[in-house]
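The block underneath contains the structure these notes are about, expressed in C-alpha cells.
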Amino acid sequence: MKFLNDLNSVQQEAVKAANGPVMIIAGAGSGKTRVLTYRIAYLMACGVPAHQILALTFTNKAAREMKNRIVKLVGDDAGNLWMGTFHSMFARILRKECLHLKFTPAFTIYDADDSLSTIKKVMEKLNLPTQQFNPAAVRARISFAKNQYLSPGKYAETAHELIDEKVALVYAEYQKTLERSNAMDFDDLLVKPIELFEKKKDILEKYQHRFKFILVDEFQDTNRAQYHMVRLLAQSLKNIAVVGDDAQSIYSFRGADIRNILDFQKDYPGCQLFRLEQNYRSTKSIISVADELIRFNKEQLKKKLWTDNPAGEPVTVVQCADDREEGNQIVRAIQQESHRRKLDLKDFAVLYRTNAQSRALEEAFRKNAIPYEIIGGTRFYERKEIKDVLAYLRLLANPTDEVSLLRVVNYPARGIGDVTLEHLRRFAAEHSISMFDALKRLNEVIELTDRAKNSLVQFKTIIEKYQALRPQMTFSEWARSLVDELGILSIYKEERTAESMGRWENVQELLSAISEFSSDKPDGTLESFLEEVALVSDIDTWEGEHNAVTLMTLHASKGLEFPVVMIAGLEEGLLPFYSGTSESSDVEEERRLFYVGITRAEQKLYITHTSLRYRFGDVTYPGESRFLHELGSEHIERVGMKPQRQREAASLLDFEKPAAEEKRSAQRKRAEESAYQQDAMPDYESESQEQFEVKRGVKVQHEIFGRGLVMVVSGKGDAQKAVVQFENYGTKNLIVKYARLRPA
DNA sequence: ACGGCCTGACTTTTT
DNA sequence: GTCAGGCCGT
Ligand SMILES: Nc1ncnc2c1ncn2[C@@H]1O[C@H](COP(=O)(O)OP(=O)(O)OP(=O)(O)O)[C@@H](O)[C@H]1O
C-alpha cells in the first residue's frame, strides 16, 4: 500500500483508523477530501468489497472525481462503490424498496417547480388565499420541516403561528397528493427511506448489513434528516467516518445543521477525532487573510491552519466605479495574470453571491472575447421547453403523475381548457382514480362537450400509443419519434424568432442527451434517465475541460480549487446579503461563504467591489462590505479609485460641482459610515430634520411599525424603495413616497 | 379557448 | 430586466 505515502502522518492515521466512528474536523485545503478518498482505497486494499462501502458526497461531481481517483489507486472494482449524493443513493434504494411504501418503482421525482405547482393546487383546494399565504414560502417551510424530519403531525404540534397551522394543513394534504401521483419531491428522497427503515426493521437490517463502512464528506452541510438516516444505518457496526469544516457550513437555508458536528461525539461514544492542520492549497498570504476573516465569527470550533507554501503575493482589493467596470477590471486582471503566470483560462474562477451578478460580468467577457463558462442559474433541465418534453416522458413512465399530465394535456394546444380539466378532475376525485384513468372513462363524464371529449381522446391515444411502442424501440428512437409526432420541433421552427430557435436547439440537445445516455448505458431505462435528470446539478456536468474562465456562485465553488480566484461584489447588502423578505440574515454564515471563496485560491486572490450597482433594474449605491475591514492589512493591497476619505476631500475642493451634488455625496458617506458602526456609535444626526433623506444607515420612525433602521435604498423619485429593519416588526420593504418616514 | 398585453413581484444561495 | 399570472378581447 505504497499509496499511503501521498499522505502526511496525521492523514495516514486518519486513513488507517478503519473501524469504529471517526470524525475529521479540519480547515480548508487540509486534505479532508483526499483523506476520505484514500480511506476508501485503503479499505478496498484491505479486502473490503466495494459494494459494502457507502460514501456520501455533496455533489455528483465530487463522487465521480473521487471514484476516478480510487480506480487509479486500487483498480476497477471501485466502480461498484455506492458513492454519490444522499439524494441519488437513496433514490436508488427507494426504487428497489418503494413497494413497501405504497409507491411503484416508476415513481416520479418532483423538482422544486413541480412541488410548488402541487402546493398551489392543494392551497386552492383548501381555500387558502395565495395573497395571504405565499405558496413559495409555504413550500419552503414544508421543505425545511422535512429536512428536519418533522412529519405533518409533528409539525402541527409545534405550530404556534397562524401561518404554521395553515402550513401543517397544506403539508399533510400535499403528501397525500404526492402519494396519489406516485411522486416524491427532493426531500422525500431523504424522508421516505427513514420512514421505511423505522417501519420495517428487517429492511433496515439488510442495509445495515450491506453497508459495512459508511463515509460522509462535507459533513458540516448535512441536515438533521441526513444525520438521522446515517445514524440508523451505522447503528449496528458503527463504522462511520465523517469529514467536515464547521467554518465552511453554508447551506443552513437548506436545513444544514451544525449540531450534526457538535452531537457526533456524543452520539458515537468512542469516536476518534482527527484534526488536519497543514494546508496544501494556498499561499501564506491567502491563508492568513482567510484566518483574519473567520476569527470574527464567534461560533466556531477552534482550528489551526498553517502552510509550507510560499508567502505569495498580497490579496488585491479593487474598487470599481460600477458593475460594468467591475467586469472589465476582472477581465483585465485575468489577461494580465494569465500572461504573467503562464496560466490557462481554465485556471481562473470568478465567484459571486447571486446568479444575477453573472449578467454584467458575462458582458465584459463577451466584449473582450474571453471564453467563459457560467455554472448555475437556470439548469438546462428546468427550461420550459425541456420540462414540457420531460413531462411527456414522465407521464409515459408514470401515468398517475398529475403535475406532468396537467402540464402537457394541452401542449401543444388541443383545445383543452380549465373548464374541461375541472370536470375531469372532479370525476377522478369522485371515483378515487387518477386523472389519466379518468381519460379512459370519458363517456361517464357527462358535463363534457363532444369537442372536449375528442381532444381528450386524441391526447389519450398518443400516450397509449407510445406506452405500447416502448418495448419495441430503443429509448432514443422512441423519444425522437414521440417528439416528432407531437410536432414540438416544428412549432418552434415555424415561429422563427430568436427565442423559438433557442428552444428548438434545446429540444434537439435533449434528444442528443437521450441518445448519449442510451449509448453509454445500453440497458438504461426511461426511468433511470428521468432520475438522472432530476438529480444532476449544473456543477455536476461541468468537466472543466474546455479552456475557459469559470463563473459561478460562491456556493457552487465549495470543494473546488483554482490557481487564481476573483470574488466580485463585496458590498453591504450583497455580501453579506440582506433582503427585505428573509427575517434571519445570518452574517456569520455570509462570512463563512466569503471564507469558502477565499480559500478556493491557490496562488492569487482578487476581491472587487463597486460604488454603483444596478439591482432589480434600479441604481443602488452600495457601501463597502464590512468584511473588507476584517481582512487585516498586512496581506492586502488596495487599488482602483481613491479611498473614500480622500475622494470626499477632493470633492469638497471641487467647487465647480453643484452644491446639492456635493452635499449628497457627503451625506451618503456619512450614512455608510454609520451603517458600519451603528453598534459602536450613537447616531449624530443633527441638522437632518429639515432636509431629511432616506439613506442607508439612517434611523427612521414609521407610523405603524415604529422605530427602524434603513438597510437598503433603491430607485429614485416616486419609485424609490427602502428596506427598513424595524425594532419590533422585522424587516419591511417600503415605497418611500407612501411610507411617511420621519427621522427618529 | 386562446393569445396578447400589462402589471407586479421578485432573485440569495441548491440536492 | 424578467417572468408569471391576471385581464380582456376575439
Ligand atoms: N499530504 C498531501 N500532500 C500533498 N498535497 C496534498 C496533501 N493533502 C492534500 N493535498 C492537496 O491539497 C489540496 C486540498 O485538498 P482537499 O481538497 O482534499 O482539501 P479539503 O480539506 O477537502 O479542502 P476544502 O475543505 O477547502 O474543500 C488538493 O489539491 C490536494 O491534492
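Below, read A as the first sequence line, B as the second, and so on, with proteins coming before strands; counting in each chain starts at 1. We use all heavy atoms of the structure for the numbers below, so side chains are in, but hydrogens, waters and symmetry mates are not.
Between B:dT11, B:dA1, C:dG5, one nucleotide has an atom nearer to the side chain of A:Arg451 than all others, and that is B:dA1. In the set B:dT13, B:dT11, B:dT14, the nucleotide with an atom closest to the side chain of A:Thr354 is B:dT13. In the set B:dT13, C:dG5, B:dT11, the nucleotide with an atom closest to the side chain of A:Asn355 is B:dT13. Side-chain atoms of A:Phe186 lie closest to B:dT15 of the nucleotides B:dT11, B:dT15, B:dC2. Relative to the side chain of A:His87, the nucleotides C:dG1, C:dG5, B:dT15 differ in distance, and B:dT15 lies closest. Looking at the side chain of A:Val419, the nearest of the listed nucleotides B:dT13, B:dA1, B:dT15 is B:dA1.
Remark: P of B:dA1 and NZ of A:Lys453 are 15 Å apart, rounded to the nearest angstrom. To the nearest angstrom, C1' of B:dT14 lies 14 Å from CD1 of A:Ile375. Going from atom CG of A:Asp185 over to atom P of B:dT14 covers 18 Å, rounded to whole Å. Between the P atom of B:dT13 and the CD atom of A:Gln220 lies a distance of 20 Å, rounded to the nearest Å. Atom CG in A:Asn60 sits roughly 12 Å away from atom C1' in B:dT14 (whole-Å rounding). If you take CZ of A:Phe144 and P of B:dT13, they are 17 Å apart, rounded to a whole angstrom. A straight line from CG of A:Leu575 to P of B:dT13 spans 13 Å, rounded to a whole angstrom. Atom-to-atom, CZ of A:Arg359 to C1' of C:dG1 comes out at 6 Å; the value is rounded to the nearest Å.
A:Lys120 comes within contact range of the sugar-phosphate backbone alone, with a heavy-atom separation under 4.0 Å but no base atom that close. Using a 4.0 Å heavy-atom distance criterion, A:Tyr251 is classed as a sugar-phosphate-only contact. Residue-level contact check: A:Thr420 touches the backbone only, with heavy atoms under 4.0 Å from sugar-phosphate atoms and none from bases.
For C:dC3, the OP1/OP2 oxygens have no side-chain nitrogen or oxygen of A:Lys384 closer than 4.0 Å. Here A:Thr553 reaches the OP1 or OP2 of B:dT14: one of its side-chain N or O atoms lies under 4.0 Å away. Taking 4.0 angstrom as the limit, A:Asn410 places a side-chain polar atom (N or O) nearer than this to OP1 or OP2 of B:dC2. Contact annotation: A:Thr59 side-chain N/O to B:dT15 OP1/OP2 distance is not under 4.0 Å.
Nearest-nucleotide assignment on DNA chain B puts the 5′-proximal partner with A:Ile416, out of A:Leu593 and A:Ile416. In terms of position on DNA chain B, the residue among A:His555 and A:Arg414 whose nearest nucleotide sits closer to the 5' end is A:Arg414.
Atom OH of A:Tyr381 is separated from atom CG of A:Asn506 by 11.0 Å, given to the nearest 0.5 angstrom.
Residues A:Thr354 and A:Gln357 have side chains that bring a donor and an acceptor to within less than 3.5 angstrom of each other.
Residue-nucleotide stacking is not present for A:Phe58 and B:dT15, judged by a side-chain ring centre under 5.5 Å from the six-membered base ring centre and planes under 30° apart.
Exactly one of A:Asp185, A:Asp401, A:Thr118, A:Asp188 qualifies for a side-chain hydrogen bond (donor to acceptor under 3.5 Å, both in side chains) with A:Tyr110. That residue is A:Asp401.
Residues A:Phe253 and A:His555 place their aromatic rings such that the two centres sit under 6.0 Å apart.
Across every non-hydrogen atom of A:Arg591 and A:Phe296, the tightest pair is NE-CB, 3.4 Å.
Atom CZ of A:Arg64 is surrounded by more than 12 heavy atoms from other residues, nucleotides or ligands within 6.0 Å.
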